[in-house]
Amino acid sequence: MPRYDARRIESKWQAFWDEHQTFRTEMDPARPKLYVLDMFPYPSGDGLHVGHPEGYTATDIVCRFSRMRGKNVLHPMGWDAFGLPAEEHAVKTGTHPAVTTKKNIGRFREQLKMLGFSYDWSREISTTDPEYYRWTQWIFLELFDTWYDPDFTWTGPDGKARTGKGRPISELPIPADVAEQGEVAVRRYQDRHRLAYQHEAPVNWCPKLGTVLANEEVIDGKSEVGGHPVERVPLRQWMLRITAYADRLGSELDDLAWPDSIKALQRNWIGRSEGAEVDFVVDGRWLKVDGQNKETSSSSAINPQPSTIDHSSTFDAFASHREANGFPLDPEPGVIRVYTTRPDTLFGVTYMVLSPEHALVDAITTPGQRAAVDIYRKQASLKSDLDRTDLAKEKTGVFTGGYAINPVNGDRIPVWIADYVLASYGTGAIMAVPAHDERDFEFAKTFGLPIKAVVHPTDDWLKQQSAKLVDWLGDVKHTVEAGAARVRGWIESLPVSPLLKQGMEFVEKATQQAKPSVDYLVGAVRQVYLDNAGQFATAFTELGTAINSGLYDGLTTLDFKAKITADLTKKGLGRKAVNYRLRDWLFSRQRYWGEPFPIWHELDSQGQPTGLLRTDSAADLPIILPEMEDFKPTGTPEPLLSKAPESWLYKTAADGTKLKRETNSMPQWAGSCWYYLRFCDPRNDQEFLSPAKANYWLPVDLYIGGAEHAVLHLLYARFWHKVLFDRGHVSVPEPFGRLVNQGMILGEMEFRAYQTTDESGGYVSLPDVKESGETTRDGRAVTAVKQTADQVEKRGDTWVLKDNPAIVVDARSFKMSKSRRNVVNPDDVVKDYGADALRIYEMFMGPLEASKPWSTTGVEGVYRFLGRAWRLFVDDKADDVALSSAVQDVPATEDQLRILHKTIKAVTEDIEKLSFNTAISRMMEFTNEFTSYDVRPKSALRDFVLLLSPFAPHLAEELWELLGHSRSLAYEPWPTYDPALLEESVLEIPVQVNGKVRGKIRVAKDATKETIITLGQEETNVASHLEGKTIVKTVYVPEKLLNFVVK
RNA sequence: GCCGAAGUGGCGGAAUGGCAGACGCACCGGAUUCAAAAUCCGGCGAGGUUCACCCCUCGUGUGGGUUCGAGUCCCACCUUCGGCACCA
């Protein structure tokens, strides 16, 4: 009984592919290449998840298809194997992370082979392999050896002209005053300019656990394990200067064949904004001595005497100095530099805010305010980023007592500190324009600061603000005849704000003169706005026309911005500036299981670091992780590697300098940033990648993976790639030409009814349950109880309990998770239905990019399809596996050829579009049709096997062998279709009357339009709809449709 | 709040502006079988009408619009999901 036996067939062909190295790939300049890549998996101890095979099957189909179309396909797989879980396992059990990792990789590899993916396994790599991380360290040295020259113009090997380039540190110009100070000063100067540099940055230190935590281990300010409080403590860190590349990372997205949504996500993350930097001199802090500016003495700063200082002369001195000397690279002491995207609102500045960490805070604070300022700064420093944003929406801040001078009009502006201004963005200081910025508006309202409108709002905005007035306009119109008194009474009856009241009074006046209209209302609201913009609920932050801005009045926002930026530049008081939301990349971790840095710290005679660095040479690489047995945290924020053996930690250089090794390790991103490069040349022990292979294989033509990597991994990899590009190691500017994000596979649909937890245990309808799902709207605790599909039914748009239709239940699919116990294990699916069924099911579920819920019965459906395909060839009632007698060497009939060629066309085009679900349904249709034939031409079935092979490769190879072939079909030419065979000799044309189908006619393919129209009119049902009407127009779409328009 | 994606039968989904619901699941009926499983054949949006075939009305989140014709294009809105969130 040779039923379709997936297990037998699949293990047979997996062994065959392994033995014959069917998918081994070599570079071949004579053939076109295709590089198809899956996102690098982390080999977790849980093994493969059903989400993995989704993207992997998609790429595998493309690869198998492309090989058959003559492409030289690179399709590799490897392991992103450094990372926390293996290390945590080591802390718990003492098992070395390398051991755990090796075991997990073994399991993953076995599972992937079980699914029949056509990887070139000879290229397998793991980031944890010293022969791999040797080159990760080498790339770090390249980053360390590079500085970014933003003004360098050049044309790359891609033929595109660029401004800005990563250049060798040896080419960094050293300013004369630095050079004068000697070699140490020069080295420190260079270190400040490298793409890899050191910086004090906060880490998540958890005193209770005695360890530093990664960001993903911190949830809501508490440790993920144990829920202990986490502190932010500053620690010396390695940073990568990704911000230098922010502009190119943004602009070079344009040419990539990536989903627009992912591009938008990256642009959003980079967050480029254009504006201006403007300098405000602090009142009383500018003294001109002998033509040179000099800060007033610190004593006068502490004891300023505003009464004796003529602040206009402060500003005059400052302004004339700037007029002569221009805008300096860094502001002078006593000058606050702000960044703004709205320089057109400079006339509306009513206060300024420094971030609590700003360097000028101390100097500017007056004695009277010092205590308050110090307390506030202390509080701000204890708050985590989270406290500063989510939890604390209320604006807080303290006045410093100091003032600065507005450069456009000489106004004296109070300077505050507040934590809504971030030290790490822009210049860490802002000019506040409460009338036209939402945050400033809230702050000003909280602290009673003036709000001065300098942009005339649009009518649309005024209308919106007066939405209630506009709504009532209709009533006003109707009541106007009744007289102003009645309007007045009506106004009095409303719960009005001062704004409304004033607006209404205006309306009332208007009604006495003419018919009221929206224009009157807008006029009223405008009047109120100009009178006091602070009365409104929100600030006007859109573009408008300048008011209260001196000579600039009447300019549009855009014109104003351009003009004032130019004017400020001329006076040396400001300049155009660009800022990014993107921050530099914190590149070090305090962990064991990561790549060691190839860096040494010089020590002085006391054994203390001098701050000077040395690197290992490329020849010293790899720097192997030290052997350690104890992976317990150090108990301090010190990295775990500081517990490494002395011999690993220390050495003495040839010149006698004592050196200590860097004890931070690299983050998991490091290895996954460049693995796609190594796959091109995985065993090269001379270079990270040979230029010939790079030129042949790069870029990756198709990259498929989950959207969770849409921002970080893809941005980091692009950044490294661009540095390697600038340094001449790769010749294409972008790593991934085409990117596709697979959607998430959710658990099976669940129905859940809510029940109260008290003894009554009554059901509660879904709308009565709070969004948290824990209590009802009136506060009773509830719990969700799973219902089976036959306990519920659909009523209208909602699902309800069959027994109690008043109770609406929750019907949805959830993300698969261990805690929810809805995880589907691919091993089980393969055991029950086979790898081919799993592959086809995952592709048949829906569009690749969409999220979709798992369905076990759906797997059974495609399994049945494979059984049908099998029985197309094999008589399952025979004793042996042999071709069915229905399969014969006869020519295919016209109908059969048409079906076959339609299928070839559809499947080919669908694979090209990555529309696998529709390709599969076309093959199902073919199978259904051919099942009904008692005689099945071998030639047609042969082509069908080839079409099926990318989707169900095991079954296809087996059938191919049954058809009498001795070689694998992996490199058989892909079937082609003959357009002439697609056409039917008789067409069926739907006939519409006024756009509604009223009948169908069958006509010969070559029938004339006239014949078709006549036949259409004669069709019985059509004729009945035409009766008594006049045809005013006849629309005929050739071979598609006929439509009569009648009256 | 901002940005992005998506709303089509009981379910997953299909449809270059041209017959809405291909294909699959579930369900129903029939054949085969001693019986069942498996398999094969057929039906399957809602309502009306009809012995039946037919035919009619409604129907792609809501409301408008463009068009001979809209799931598809335009405008406004609602809901769900994902991302960002004091970025000046």
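Residue numbers begin at 1 in each chain, while the letters A, B, ... track the order of the sequences.
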Just call it for A:W854: base, sugar-phosphate, or nothing, with non-hydrogen atoms closer than 4.0 Å on any strand.
-> nothing

Looking at every strand, decide which applies to A:D260 at a 4.0 Å heavy-atom threshold: base, sugar-phosphate, or nothing.
-> nothing

Starting at the 5' end of RNA chain B, what dot-bracket string do you get if Watson-Crick and G-U pairs under 3.5 Å are bracketed, crossing pairs use [ ], other-strand pairs use | and unpaired bases use dots?
-> (((((((..(((.....[....))).(((((.......))))).((((......))))..(((((..]....))))))))))))....

Would you kindly give the CD-to-P distance between A:E357 and B:C86, to the nearest whole Å?
-> 14 Å

Any ion pair linking A:K576 and A:E274 (charged N to carboxylate O, less than 4.0 Å)?
-> yes

Looking at the side chain of A:K794, which of B:G10, B:A88, B:C68 is the nearest nucleotide?
-> B:G10

Which atoms of nucleotides 52-54 of chain B (N or O only) lie under 3.5 Å from a protein N or O atom, and what are those distances?
none

Contacts satisfying side chain to side chain donor-acceptor pair (under 3.5 Å) that involve residues 1027-1047 of chain A (not counting sequence neighbours) are none

Examine distances only and state if a side-chain atom of A:K561 and a backbone atom of A:T341 form a donor-acceptor pair shorter than 3.5 Å.
-> yes

Between B:C68 and A:K1033, is there an OP1 or OP2 to side-chain N/O distance shorter than 4.0 Å?
-> yes

On a whole-Å scale, what distance lies between the P atoms belonging to B:A15 and B:G24?
-> 16 Å

Please tell me which of the listed nucleotides, B:C56, B:C40, B:A88, lies nearest to the side chain of A:R871?
-> B:C40

For nucleotides 15-32 of chain B, 5' to 3', base contacts (B), sugar-phosphate-only contacts (S) and non-contacts (-) with protein non-hydrogen atoms under 4.0 Å give -B-BB--BBSSS------

Span that lies between the C1' atom of B:A38 and that of B:U50, in whole angstrom | 40 Å

Determine the contact category for A:S273: base if any of its heavy atoms lies under 4.0 Å from a base atom, sugar-phosphate if only primed atoms, P, OP1 or OP2 are that close, otherwise nothing.
-> sugar-phosphate

Whole angstrom is fine here: how far is it from CG in A:L354 over to P in B:A88?
-> 18 Å

Using the C1' atoms only, state how far B:G13 lies from B:C25, rounded to an integer number of Å.
-> 11 Å

For A:P847, which contact category applies under a 4.0 Å heavy-atom criterion: base, sugar-phosphate, or nothing?
-> sugar-phosphate

Quote, to the nearest angstrom, the C1' distance that separates B:G9 from B:G61.
-> 15 Å

When rounded to whole Å, the CD to P distance for the pair A:E1027 and B:C56 reads 14 Å

Give the minimum heavy-atom separation between A:Y425 and A:S273, together with the two atoms involved.
-> OH-OG, 3.2 Å

Counting N and O atoms only, with roles assigned by atom type, does the side chain of A:H436 sit under 3.5 Å from a partner on the main chain of A:F540, one being a donor and the other an acceptor?
-> yes

Backbone of A:T856 reached by a side-chain donor or acceptor of A:E748 within 3.5 Å | yes

Answer with base, sugar-phosphate or nothing: what part of the nucleic acid does A:S851 contact at a heavy-atom distance below 4.0 Å?
-> sugar-phosphate

Criterion ring pair (Phe, Tyr, Trp, His ring centres under 6.0 Å) on A:F944 and A:F930, from CA distance to verdict | CA-CA 11 Å; A:F944 173 71; A:F930 270 66; 8.0 Å; no

Per A:K395 side chain, nearest of listed nucleotides B:C55, B:C86, B:C68 = B:C86

How far does the C1' atom of B:G43 sit from the matching atom of B:A26, given to the nearest Å?
-> 14 Å

Would you indicate what A:R998 reaches in the nucleic acid, counting non-hydrogen atoms under 4.0 angstrom: base, sugar-phosphate, or nothing?
-> sugar-phosphate

Step through it carefully: locate the ring centre of A:W269, locate the ring centre of A:Y580, and say whether they are under 6.0 Å apart.
-> no

Not counting sequence neighbours, which residues clear side-chain hydrogen bond (donor to acceptor under 3.5 Å, both in side chains) with A:Q787? List them please.
-> none

Distance, P atom - from B:G65 to B:G10, rounded to whole angstrom | 28 Å

Should A:R3 be listed as having a side-chain N or O under 4.0 Å from OP1 or OP2 of B:U39?
-> no

Would you mind telling me which of A:T931, A:V907, A:T903, A:L948 makes a side-chain contact (heavy atoms from CB on, under 4.5 Å) with A:F926?
-> A:T903

Is the glycosidic angle of B:G9 within 90° of 0, making it syn, or outside that range, making it anti?
-> syn

Below 4.0 Å: OP1/OP2 of B:A88 and any side-chain N or O of A:H436 = no

Choose from B:C56, B:C11, B:A88 the nucleotide whose nearest atom is closest to any side-chain atom of A:M749.
-> B:C11

Could you give the CG-to-C1' distance, from A:D419 to B:A85, as a whole number of Å?
-> 15 Å

Taking atom C1' in both B:U8 and B:U80, what distance in whole Å separates the two?
-> 16 Å

Axial cation check for A:F443 ring with A:K395, 6.0 Å and 45° limits | no

Nearest non-hydrogen partners of A:Y420 and A:A432, listed with the distance | OH-CB, 4.5 Å

Which sits closer to the 5' end of RNA chain B, A:R583 or A:A850, going by the nucleotide each is nearest to?
-> A:A850

Pick the nucleotide of RNA chain B nearest each of A:W269 and A:K996; which residue has the one closer to the 5' end?
-> A:K996

Length of the NZ-P vector between A:K852 and B:C81, whole Å | 19 Å

Using atom NE2 of A:H1025 as one end and atom C1' of B:U57 as the other, report the distance to the nearest whole Å.
-> 11 Å

Salt-bridge test for A:D910 and A:R922: reply yes if a basic N is under 4.0 Å from a carboxylate O, no otherwise.
-> no

Taking OP1 and OP2 of B:C56, is either one under 4.0 Å from a side-chain nitrogen or oxygen of A:N1021?
-> yes

Among pairs that include at least one residue of residues 842-864 of chain A, which meet ring-ring contact (aromatic ring centres under 6.0 Å, His included), considering only residues two or more places apart or in two chains?
-> A:Y4-A:Y863, A:Y833-A:Y863, A:Y841-A:W854

Pick the C1' atom in B:C19 and in B:A70, then give their distance to the nearest Å.
-> 14 Å

